[in-house]
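Throughout, a chain's letter reflects where its sequence line sits, starting with A, and its residues are numbered from 1. Owing to the predicted nature of the structure, the values given are computational and were not obtained by experimental measurement.
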Amino acid sequence: MATTLNLTQTRSHFPALSSGYIFADNAGGSQIPREVVDRISDYLLNTNVQINVDYSISRQSTARVAEGLKAATELFNAASTNQVVLGGSSTANMDNLVRRLEGDISEGDEFILMDGEHEANNGTWKKLAERTGALLKYWHPTQVIPSVNPCAIVHQVDQLLPLISDRTRVVAFSACSNILGSVLPIKEISRKVRDEANAKGAKKVQISVDAVAYAPHRLIDVQDWDIDFCMLSFYKVYGPHAAALYCRSVSRQPSSSVAHELVYGTTGIVPYLLSLTPLNNLQSTFDAITLHEESLLQTLLGFLTHPKQRKRGVMIVGDETSDTTRVPTVSFVVQGNGTGIESKEIVKMVNRRGGVGIRWYNYSCFTATGIPLPVENGVARISLVHYNTVEEVHKIIEILEDTFASSDSNGLSDSDSSST
Amino acid sequence: MHPLDVDYVRSQFPALKSGSQVALNVADRIYEYLLNTNVQFGADYSVSVESTRRVMEEAPEAAKKLFNANHPDEIAFGASSTMHLENLARGMDNAIQEGDEFILTGEHEANVGPWKKLAARRGAVNLLSLIGPKTRILAFAACSNILGTVLPVKDIVKAARKTAKERGSKKLEICVDCVAYAPHRRIDVNDWDVDFCALSFYKVYGPHISALYIRSSSLRESVSSILHHFLDYHHKSYKLQPGGPGYELVYGTTAVLPYLLSLTPENDLNASFNAITDHEQKLIQPLLAFLTAPEQIDRGVRVVGEESSGVSRVPTISFVVVGRNAMRSREIVQTGIRYGHFYAFHIIDRLDPKVDVDDGVVRISLVHYNTVQEVERIIAILKEALA
């Protein structure tokens, strides 16, 4: 039974939250607790010297940077700090990684990517494929309730396994999509992929998981998952703008540049997370987070999937269920002949109210049946984390109600029409 | 010329109370950014508008002034100069033909390695030789992080371009590494007529981030984007910033310019760097005088770099101890000074008499917030170490 989060105590770590502003674009970057920022300041003002030199302040700064590497290793639950690289961004980390892998890829090797997912993962593998003559295959999401909501899509393993062949070399996917919000069963996927690859005679398969949008919500365990690469961006996990990459075994670890003061800042993240329950372990923390997130989701999804909103043309882009397989990253569109609202416009109207921030994104993919997702002008996205409250969700809902109502009566245009 | 008020200077650096250091305002800005405007850019809600403005407008504008560039779009931010120059070279794959020649001067690896790799990828040739009809890239450091001598960049560039033109070179792009130069002297990419210029903020009283200047024409003609394919930043240095820059640190850099301007009442970078240059001479003179005194020469002390002070020397002073009672550099080092090759591998490797490249030189590197009293203390410590 998960402990309940003490929201007041949780929020008190974040000065940004004291203004009452509703931060609802956390998938674009979360807020940062004071203890993390204090460490960055402390580093810059007191131990800001070149590392690895044999004098006292340098020994201190060196130790602090090493602590950062340990913190990332802990967040991944990696076996060794040798398997973890810190860098300025996941994009840069991945770019450096794939350059190291070039020699190990043959023409005709196959990479399986997730359709529609973030470029930090997809883009780097695509560029590697271009340079080496490897082929790309895409894992498409399934429409789970097509007659009710054609945009309710989830990636399912049964669409992934048939893509595996004897030439499969890399399978790269997101643990949780920054648009769709579904948490995938990584351990199960990894096992099934490897079994299938073995059965079909693939010589070497490496699995790369993008945990960037996953990490703020759930516990990472690269060992339990049995994966080869995993990327994480600290600025989405209550940290500064730095990133970490897990590489199970690479002959020469990719190198990357990252500011020491930010690395030291990241050492404040795990202590913050541990403080969220009296049990002082990450699993309990993420269980409490999951429980709280469910309450946010139930409220928000309850509104967006209500018959009244369905009639209005509101469609969730992603899974409609509000259980623990979903995080409170909720994307939606409002469609209808002449009554739809462009996602950009929805966001504008909401943000114009002041005191709240959400955003919109271009998103497109092909579903498993081969048809393009019926979304033409991107999606509006509300992305919450554990320091958001149910009250905030109610406020957002009020604003959405007004937004849907006012544009309905004004007949605001939208060229999106539903596919059916 | 206004002299430096050293007490004021030192008051800006909390770390100096106890013993490089980051100016108070830089740390304050990073702190304040993270606690108040730490959201993703480009969205139209107020906090995002402010964070975007701070990082995408205020910071490039300030950096533009530090470089004396023409336009903020000519500035890219990145985690380090090493990564920047590597990314620049990767972005130039399509601008280099087989047989093109690169002239590199064997300074810090950041401005050597990426060009060598680019040359290897494109079949260009790396020559430490004369400029010729196939010369395409010239890359050098404005000030060596070992030797401490400031080069006459403007004159070098002028001569190089003239010679290149005379000898039929079709296109010559020049990349200047200003990392070791920037803490001491003013950069002026416009006056120098260079195409690329690298600067690491953590050496200029700022956080661990770097800025790369790319001349607009080079940005358009020679440098391809290394970003995700759907991002269109063709005319902006942003195209060399994969993953984007670390926002809070970029915002932190906006305090560097005001700090430098505050050094004299004239509120002018030339005046500031004149005051810095003048103060630095006061640090260099006693140190060099000590290291080149007959007693030290007898002892086997050899300065690696110019032995005389003067405005073309900065207080980056390296030396070795050779001869009958030679000392390994690592034995001499204590007190916040260092030994080694400092990543300027080729210079150390080519010293005559030969030194062990892993032992390298001892380097004392001072800036304008160091004092003459500190130099006297260093000299006293060196005397003990050499005895």
Engineer: Which region of N362(A), side chain (C-beta onward) or backbone (N, CA, C, O), has a non-hydrogen atom less than 4.5 Å from a non-hydrogen atom of chain B, or is it both or neither?
Structural biologist: neither
Engineer: Identify which part of L17(A) has an atom lying under 4.5 Å from any heavy atom of chain B, answering side chain, backbone, both or neither.
Structural biologist: neither
Engineer: Between E248(B) and I32(A), is any pair of side-chain heavy atoms under 4.5 Å apart?
Structural biologist: no
Engineer: How many angstroms lie between CG in L45(A) and CG in D28(B), if you round to the nearest 0.5 Å?
Structural biologist: 7.5 Å
Engineer: Identify which part of S30(A) has an atom lying under 4.5 Å from any heavy atom of chain B, answering side chain, backbone, both or neither.
Structural biologist: backbone
Engineer: Could you state the interatomic distance from CG (N48(A)) to NE2 (H208(B)), rounded to the nearest 0.5 Å?
Structural biologist: 5.0 Å
Engineer: Search all heavy atoms of R34(A) against all heavy atoms of L35(B) and return the closest pair with its distance.
Structural biologist: CA-CD2, 4.1 Å
Engineer: Heavy-atom cut-off 4.5 Å, strictly under: side chain, backbone, both or neither for Y21(A) against chain B?
Structural biologist: side chain
Engineer: How close do S41(A) and A27(B) get, counting heavy atoms only, and between which atoms?
Structural biologist: OG-O, 4.1 Å
Engineer: Going by the angle between their ring planes, with limits at 30° and 60°, are H241(A) and Y247(B) parallel, tilted or perpendicular?
Structural biologist: tilted
Engineer: Less than 4.5 Å to any heavy atom of chain B: does that hold for the side chain of R39(A), its backbone, both, or neither?
Structural biologist: neither
Engineer: Would you give the length of the straight line joining atom CG of L249(B) to atom CD1 of I40(A), rounded to the nearest 0.5 angstrom?
Structural biologist: 7.5 Å
Engineer: Examine whether an atom of V347(A) lies under 4.5 Å from a heavy atom of chain B, and if so say whether it belongs to the side chain, the backbone or both; otherwise answer neither.
Structural biologist: both
Engineer: Counting only heavy atoms closer than 4.5 Å, note whether R352(A) contacts chain B via side chain, backbone, both or neither.
Structural biologist: neither
